[in-house]
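First up is the structure itself, then whatever we jot down about it.
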Amino acid sequence: MMFRTRALPVLAMVAALAGCSREGELVIDQGVGITSVLTTCPAVGIPDYTGDITTFRPGEDRSTASLDVSAAITNLRSTCDDTGEQVYSEAVFQVHARRADTSGSRTVTLPYFVTVLRGGGAVVSKRVGEVTLTFADGQERASATAKAGSFINRADASLPEDIREKITRRRRPGDIDAALDPLADPDVKAAIARTRFEMLVGFQLTEEQLAYNVTR
């Protein structure tokens, strides 16, 4: 599965994060037009096509008339504790579901995953959980709250000192590299990429369910 997420890329967060740095974060603003915040906490998002799930009645085609249950992940919120050697991030989200047949009470259990990516593509970990929704007799809709968490090694999410020095070194007018963007340095870009983590949450889909989401 190709992960395309709604989490903001690190260097695209410049404007959004310019005013919200805090102690322990690296703030870059050294007279060369760069303002960014790098944090050890992972970005959190939902990969494309995994925020919804649709099931059909067994033995029937995949037409609208055969729909059984549809559900969506909403209100994804995250917290992060980066005070220790292991950075812990937790995401809380809601699942809203709708069923086609409202007769009788029913319990539906849906699987979801939490995956940690490093550098935009390397899978560090993946776990699968379940969220249970209960429909009362005659009830069309149901909702539930679920959460997912992950740990990241703080050292892996921190820039090496030599790279930090390259980025934050004050440049004076007349210096040979005064007009150069340190974030354009290949070594700096690669180091930043290695320290960037994403925690992704979505439904654990079958190949057929994923194909349905992509093509509908």
Side-chain angles (χ1 to χ4, degrees), residues 1-51 76-93 113-127 147-202:
M1 181 186 300
M2 180 179 294
F3 288 108
R4 295 174 54 204
T5 79
R6 303 172 193 171
L8 295 173
V10 174
L11 298 185
M13 297 172 70
V14 171
L17 295 178
C20 57
S21 60
R22 54 193 174 89
E23 186 176 358
E25 293 176 338
L26 172 61
V27 180
I28 307 164
D29 188 2
Q30 296 295 334
V32 290
I34 300 167
T35 302
S36 183
V37 176
L38 303 180
T39 174
T40 54
C41 292
V44 177
I46 302 172
D48 286 352
Y49 311 120
T50 68
L76 178 67
R77 305 177 304 279
S78 65
T79 57
C80 179
D81 181 357
D82 59 354
T83 58
E85 291 304 311
Q86 293 292 313
V87 177
Y88 179 69
S89 185
E90 183 174 274
V92 178
F93 56 94
F113 68 84
V114 53
T115 295
V116 175
L117 295 185
R118 183 180 188 181
V123 177
V124 176
S125 65
K126 179 180 178 180
R127 292 186 300 279
K147 65 180 180 180
S150 64
F151 287 94
I152 295 170
N153 188 341
R154 184 182 185 86
D156 293 337
S158 303
L159 286 173
E161 285 303 318
D162 61 326
I163 298 297
R164 294 172 70 95
E165 194 281 331
K166 277 188 177 183
I167 296 173
T168 60
R169 183 174 59 82
R170 185 173 296 279
R171 293 159 176 80
R172 297 181 175 82
D175 287 354
I176 191 170
D177 60 350
L180 298 180
D181 180 352
L183 295 185
D185 184 315
D187 291 339
V188 173
K189 292 174 68 175
I192 290 176
R194 287 193 297 271
T195 63
R196 295 305 92 203
F197 288 82
E198 295 172 276
M199 186 174 75
L200 308 179
V201 178

So do [Y] and [X] actually touch side chain to side chain, heavy atoms under 4.5 Å?
X    : Y    : value
Y88  : C41  : no
I46  : L200 : no
R194 : R118 : yes
V116 : P42  : no

Could you walk me through whether L159 and I192 satisfy the side-chain contact (heavy atoms from CB on, under 4.5 Å) test, starting with their C-alpha distance in whole Å, then the side-chain angles of each, then the deciding distance to 0.1 Å, before giving a yes or no?
CA-CA 7 Å; L159 286 173; I192 290 176; 4.0 Å; yes
Can you sort out the partners of [X] under side-chain contact (heavy atoms from CB on, under 4.5 Å), two or more places apart, ordered by chain and number?
X    : value
N153 : Q86, A155, D156
A148 : Y112, V114, V201
S158 : T40, R154

Tightest non-hydrogen contact, residues E90 and M199, listed as C-CE, 4.0 Å
Smallest heavy-atom separation, K126 atom then T115 atom, equals CG-OG1, 3.4 Å
Should R127 and S150 be marked as a side-chain contact (heavy atoms from CB on, under 4.5 Å) after you check the CA-CA gap, both sets of side-chain angles, and the distance that decides it?
CA-CA 9 Å; R127 292 186 300 279; S150 64; 3.9 Å; yes
Start with the C-alpha gap between V87 and F151, add the side-chain angles, then the distance that decides, and say whether side-chain contact (heavy atoms from CB on, under 4.5 Å) holds.
CA-CA 5 Å; V87 177; F151 287 94; over 6 Å; no
Residues S89, V44; criterion side-chain contact (heavy atoms from CB on, under 4.5 Å); working and verdict
CA-CA 9 Å; S89 185; V44 177; 4.1 Å; yes
Whether D81 side chain and T83 backbone form a donor-acceptor pair below 3.5 Å
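Side chain of D81 to backbone of T83, a donor-acceptor pair under 3.5 Å: yes, one is there.
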With rounding to the nearest 0.5 angstrom, report the OG to CZ distance, S125 to F197.
9.5 Å
